Amino acid sequence: MKRRPSKLAPLALLAAAATVLSLSGCANRAGGTAGGEEFPSQAITFYTPTQAGGATDLTARTLATQLESELGQSIVVDNRPGGAGSVGMQHVAGLAADGYSIMVFPVEVSMLGHQGYDIDPASYDFLGIVNEQPGTIAVPANSPYQTLEELVAAAEASPGSVTISNAGPGSIWEAGATELGNVAGVEFQGVPFDGGAPAVTAAVGGQVDAVVAGIGETAPADEDGRLRVLAVFTEDRAPALPDVPTAGEQGYDVVIGSWAAVGAPTGLDPAVKESLQAALETAAGSSEYVELIESGGNIPVFIPGDEAADFVKAENERFAELFGE
């Protein structure tokens with residue numbers, strides 16, 4: 001079997017640049033703009049391009065509570081789902097760059113522009129990357145495949161016969177299965193679902209041979225014996241699954257996962273951007289936020305503005321390669 005080295009190491013840059021968060025004290029981050037106005041002087045709207053109740057929404061709501069303390073103003077969460085997240089992202093791109101409209105962006109902000117959506121990361125000023133979720137591949141508990149190599153061998157022996165569920169067309173987890181197939185030199189049959197939860201449920205029920213999903217969705221099922229995680233798509237082993245080898249350890253150089261960033265329409269006044277970024281860094285280090293992220297098996301990090309923008313740009317470029325542009 002020929003294993004092609006991966007040119008794509010999405011979370012390697014994140015791991016290298018990220019500051020793992022420690023708890024921070026609170027301080028009022030209000031400040032003046034270049035024109036002398038006090039910022040913020042009114043409520044801020046915190047958009048999320050997802051339905052209420054999901055991981056991205058909970059990220060926004062938990063950060064919003066902390067930002068209220070930091071900035072001394074109300075933070076109102078506004079859900080704008082639709083179009084794989086493009087509806088909310090397009091709405092925010094068209095708003096004034098005055099600091100009163102911010103958004104939590106999932107990884108798809110760097111993917112959608114390569115899938116027919118009018119989304120360009122350059123439309124946003126990124127304030128920080130605030131968490132990451134490693135990808136995993138798992139099989140039903142009664143699966144005959146005990147290792148990732150065995151699963152790949154089955155796909156090699158009968159191309160397209162091994163089914164892998166994912167969170168839907170255009171999702172990061174569909175991309176993860178595609179990248180694994182590319183690196184291993186085999187063809188899997190993707191089975192899309194409307195979200196990660198039903199994709200995992202399908203694997204638990206034996207409807208598919210495997211599932212590619214976030215560690216927050218597969219680790220609990222591995223722990224209670226409903227799934228067996230074969231690999232994590234990280235550089236180093238994940239704290240939530242310390243006994244599970246990485247794909248790289250097994251000969252498949254795949255590093256892929258989701259992340260969340262906070263940003264605003266491009267063109268923020270430097271003083272406004274500085275105030276928002278400082279407040280966000282403290283909010284992302286709060287015990288409430290760290291506990292939320294770690295409870296799902298995910299990793300709280302903080303990469304500040306310019307570094308975050310560089311990271312999103314690098315992600316955008318690698319997805320262009322993955323999607324064949």
Side-chain angles (χ1 to χ4, degrees), residues 1-12 107 111 114-115 133-193 196 198-215 217-219 221-222 225-238 241 243-258 318-325:
M1 182 187 307
K2 183 178 180 181
R3 299 176 183 174
R4 180 176 65 82
S6 174
K7 296 179 181 178
L8 309 179
L11 292 189
V107 61
M111 300 172 63
H114 307 300
Q115 301 176 78
Q133 177 173 205
T136 64
I137 184 165
V139 296
N142 62 355
S143 170
Y145 308 118
Q146 299 296 317
T147 66
L148 182 56
E149 186 172 18
E150 290 179 4
L151 184 73
V152 169
E156 185 179 36
S158 181
S161 65
V162 174
T163 55
I164 300 182
S165 59
N166 61 65
S171 70
I172 184 63
W173 306 131
E174 181 190 50
T178 298
E179 175 64 355
L180 176 61
N182 289 345
V183 169
V186 298
E187 178 186 346
F188 296 115
Q189 180 182 339
V191 182
F193 284 83
V200 169
T201 298
V204 169
Q207 299 173 40
V208 292
D209 294 309
V211 58
V212 170
I215 197 169
E217 293 164 321
T218 59
D222 179 273
R226 292 176 295 141
L227 287 179
R228 182 166 61 253
V229 177
L230 299 182
V232 292
F233 298 138
T234 50
E235 289 284 340
D236 301 309
R237 293 197 181 193
L241 290 170
D243 297 326
V244 176
T246 68
E249 286 180 75
Q250 300 176 73
Y252 306 96
D253 183 18
V254 179
V255 180
I256 197 164
S258 68
R318 84 179 182 90
F319 283 120
E321 179 181 347
L322 183 60
F323 293 122
E325 292 188 6

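The structure displayed is predicted, hence computed values, not measured ones.
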Distance, nearest 0.5 Å, that separates [atom1] of [X] from [atom2] of [Y]:
X    : Y    : atom1 : atom2 : answer
L230 : L151 : CG    : CG    : 6.5 Å
L148 : Y252 : CG    : OH    : 5.5 Å
D222 : D243 : CG    : CG    : 9.0 Å
I215 : F233 : CD1   : CZ    : 11.5 Å
Q133 : E217 : CD    : CD    : 6.0 Å
E321 : H114 : CD    : NE2   : 11.0 Å

Using every non-hydrogen atom in the two residues, find where [X] and [Y] come nearest and quote the distance to one decimal.
X    : Y    : result
P192 : G168 : CB-CA, 3.9 Å
V107 : G257 : CG2-O, 4.3 Å
V211 : A199 : CG2-O, 3.7 Å
E187 : A155 : O-CB, 4.0 Å
A177 : V212 : CB-CG2, 4.0 Å
A247 : V254 : CB-O, 4.1 Å

Legend entry - Contacts of S161 that satisfy side chain to side chain contact (heavy atoms under 4.5 Å, CB included) - sequence neighbours left out: S158
Would you say [X] and [Y] make side-chain contact, with heavy atoms under 4.5 Å?
X    : Y    : value
T201 : F193 : no
S165 : W173 : no
E179 : N182 : yes
L227 : V204 : yes

Please list, one pair per line, the donor and acceptor atoms closer than 3.5 Å that link side chains of residues 136-146 to other protein atoms, with sequence neighbours excluded.
from: T136; atom 1: OG1; to: A213; atom 2: O; distance (Å): 2.8
from: T136; atom 1: OG1; to: T218; atom 2: OG1; distance (Å): 2.8
from: S143; atom 1: OG; to: Y145; atom 2: N; distance (Å): 3.0

Inset, instruction - Please test T246 against R237 for side-chain contact (heavy atoms from CB on, under 4.5 Å), starting from the C-alpha separation and ending with a verdict. - result: CA-CA 6 Å; T246 68; R237 293 197 181 193; 4.2 Å; yes
Legend entry - Any donor-acceptor N/O pair, T163 side chain to D209 backbone, under 3.5 Å: yes
